[in-house]
A.B. asks: 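Handing you a structure now.
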Amino acid sequence: MSSYNDRYGRDVLTNSPHPKRPVSTQEAAVPGLVVEDVQTGYVGAVVEVDKHGVILEDRHGKRRAFPLGPGFWIDGKPVELVRPTAPAKSGRMVSASGSVAVLDHKARTARASRIYVEGKHDAELVEKVWGHDLRVEGVVVEELGGADDLAAVVAEFQPGPGRRLGVMLDHLVAGSKETRLADTVRGGPHADAVLIVGHPYIDVWQAVRPAVLGLKAWPDVPKGEPWKEGVLRRLGWRGETWEAWAHILGKVTTYTDLEPSFLGRVEELIDFVTDPGPA
C-alpha cells in the first residue's frame, strides 16, 4: 500500500493520523469559490466581495457576510481569503460536478421536489460535488436516517405532480433489505412521482475512488465486521472515525474522484426532480 503511487500522491491515512498543523495559504475570493468558516461551520460559495469582506451563499440560498482574512477552510485546508487582484478569467468556469458553473445567479426559491440520501456522509459527499448545481436548480437534499424510514418519509412527503421525490439508498443490490424496502415503495400509489436508486457499496466511503487516498483498493472486511472500523483498522488509522471521514471528504475535489456508479445515480436523481413532468 505504501509503495503505490499515482497522481494523488501519498495519503495521510497511510501515515500518522495527527499530522503537523498546516499553515494558511492565501486564496483569492473569486465568485463561485466554496469555503467553510472555521468558527461557525458555515459553508457557502462566494457571491460578492469588496475591500471590507465577503458574502457567502449556502446551498439553501441564504447569504452571510464575513470579514476577509484567515479563518476559512477549502477542502480541509486552512486559507486566508484576500480580495482578487485582477478580474476573473473570461470563459466558462466548471463546477465540481463537471457542469458549467453559473456565476452571479440569484437565489432560487427551493423546489417542492426533494432528494433524500441515506446518511450524513452521503449528504456531505453530494453537497461537496453537486452543491453548486443544486443551488442553481433550487433542489434541497435531505438526510434519510436509514432505509427502514423510507416508507414513512414517502408517506409524509406526499409526492405527486410538481412534487417529486428522489431517494438514493446504500447497498441497493439484489436480495438486500434495502432492495425489498425500495420495491415496496415502487409498487405504491406514488410510483410515478418517486424515483429510488442506489449504489452497490456497503458504505458511501467506497464511492470515493481508492486512488484518491493512495490505495489500489479499499481493504476487504469480512461480512459481519463493522465496515468502517474494519477499514480503518486495516489502514492503521488511530484517530476517530469522524476524523477519517473528514480527511476523506477533504480529498474529494471533483466528480473525477468518485466512482461512476455513484456519479450516475446522483445525476439521475437531479434530472428526475428537476423534470417538470407531463405538461
Side-chain angles (χ1 to χ4, degrees), residues 58-61 95-100 102 108-209 252 254-279:
D58 69 11
R59 69 186 186 89
H60 300 295
S95 71
S97 71
S99 65
V100 177
V102 180
R108 174 172 181 163
T109 302
R111 295 173 184 264
S113 299
R114 292 286 187 275
I115 291 176
Y116 275 80
V117 295
E118 188 179 356
K120 179 181 178 182
H121 292 177
D122 301 58
E124 290 174 339
L125 187 57
V126 170
E127 165 60 26
K128 180 71 180 288
V129 178
W130 287 272
H132 172 81
D133 307 59
L134 295 168
R135 284 186 290 272
V136 171
E137 295 292 348
V139 175
V140 175
V141 174
E142 298 194 28
E143 179 184 341
L144 180 69
D148 291 329
D149 300 331
L150 180 59
V153 166
V154 173
E156 181 180 357
F157 186 78
Q158 296 183 340
R163 189 175 174 80
R164 292 186 164 196
L165 177 63
V167 181
M168 182 162 64
L169 299 178
D170 296 343
H171 202 222
L172 197 65
V173 296
S176 69
K177 177 188 74 173
E178 290 80 4
T179 297
R180 292 194 296 272
L181 292 171
D183 288 343
T184 299
V185 173
R186 287 167 176 158
H190 308 296
D192 292 341
V194 178
L195 175 64
I196 302 174
V197 301
H199 56 73
Y201 310 117
I202 296 173
D203 192 279
V204 76
W205 288 23
Q206 290 176 292
V208 178
R209 293 178 57 221
V252 175
T254 73
Y255 70 100
T256 60
D257 296 328
L258 303 181
E259 297 288 359
S261 54
F262 183 80
L263 290 171
R265 301 297 76 74
V266 177
E267 296 286 353
E268 190 176 354
L269 289 177
I270 295 176
D271 290 344
F272 178 77
V273 300
T274 56
D275 186 344

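Remember, predicted model here, so these are calculated numbers, not experimental data.
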A.B. asks: For Arg163, check side chain to side chain contact (heavy atoms under 4.5 Å, CB included) against everything at least two apart and list the hits.
C.D. replies: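 If we apply the side chain to side chain contact (heavy atoms under 4.5 Å, CB included) test to Arg163, skipping adjacent residues, the hits are Ala112, Phe157.
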
A.B. asks: Please determine whether side chain to side chain contact (heavy atoms under 4.5 Å, CB included) holds for the pair Ile270 and Val266, giving the CA-CA distance in whole Å, both sets of side-chain angles, and the decisive distance to 0.1 Å.
C.D. replies: CA-CA 6 Å; Ile270 295 176; Val266 177; 4.0 Å; yes

A.B. asks: Enter the distance from Leu150:CG to Arg186:CZ here, rounded to the nearest 0.5 Å.
C.D. replies: 9.0 Å

A.B. asks: Is the closest side-chain heavy-atom distance between Ile196 and Tyr116 below 4.5 Å?
C.D. replies: no

A.B. asks: Heavy atoms, side chains only, cut-off 4.5 Å: are Ser113 and Phe272 in contact?
C.D. replies: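 No, too far: nothing below the 4.5 Å cut-off.
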
A.B. asks: Measure the spacing between CG of Asp170 and CG of Asp122 and express it to the nearest 0.5 Å.
C.D. replies: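 Answer rounded to 0.5 Å: 4.5 Å.
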
A.B. asks: Do the non-hydrogen side-chain atoms of Arg114 and Val153 ever get within less than 4.5 Å of each other?
C.D. replies: no

A.B. asks: How about Arg164 and Asp275: do any of their side-chain heavy atoms sit closer than 4.5 Å?
C.D. replies: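 SC-SC contact between Arg164 and Asp275 confirmed.
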
A.B. asks: Between Asp183 and Arg180, does any NZ, NE, NH1 or NH2 come within less than 4.0 Å of an OD or OE carboxylate oxygen?
C.D. replies: no

A.B. asks: With the side chain counted from C-beta on, respond yes when Arg111 and Glu137 share a heavy-atom pair under 4.5 Å apart, and no when they do not.
C.D. replies: yes

A.B. asks: In Å and rounded to the nearest 0.5 Å, what is the NE2 to CD distance from His199 to Glu118?
C.D. replies: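 One finds 7.5 Å between NE2 of His199 and CD of Glu118.
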
A.B. asks: Determine which pairs satisfy salt bridge (charged side-chain N to carboxylate O under 4.0 Å, His left out) with at least one residue from residues 143-152, sequence neighbours left out, and list them in order.
C.D. replies: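 For residues 143-152: Asp148-Lys177.
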
A.B. asks: Considering the options Ile115, Val139, Leu263, Leu125, which one meets the side-chain contact (heavy atoms from CB on, under 4.5 Å) requirement together with Trp130?
C.D. replies: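 By the side-chain contact (heavy atoms from CB on, under 4.5 Å) criterion, Trp130 pairs with just one of Ile115, Val139, Leu263, Leu125: Leu263.
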
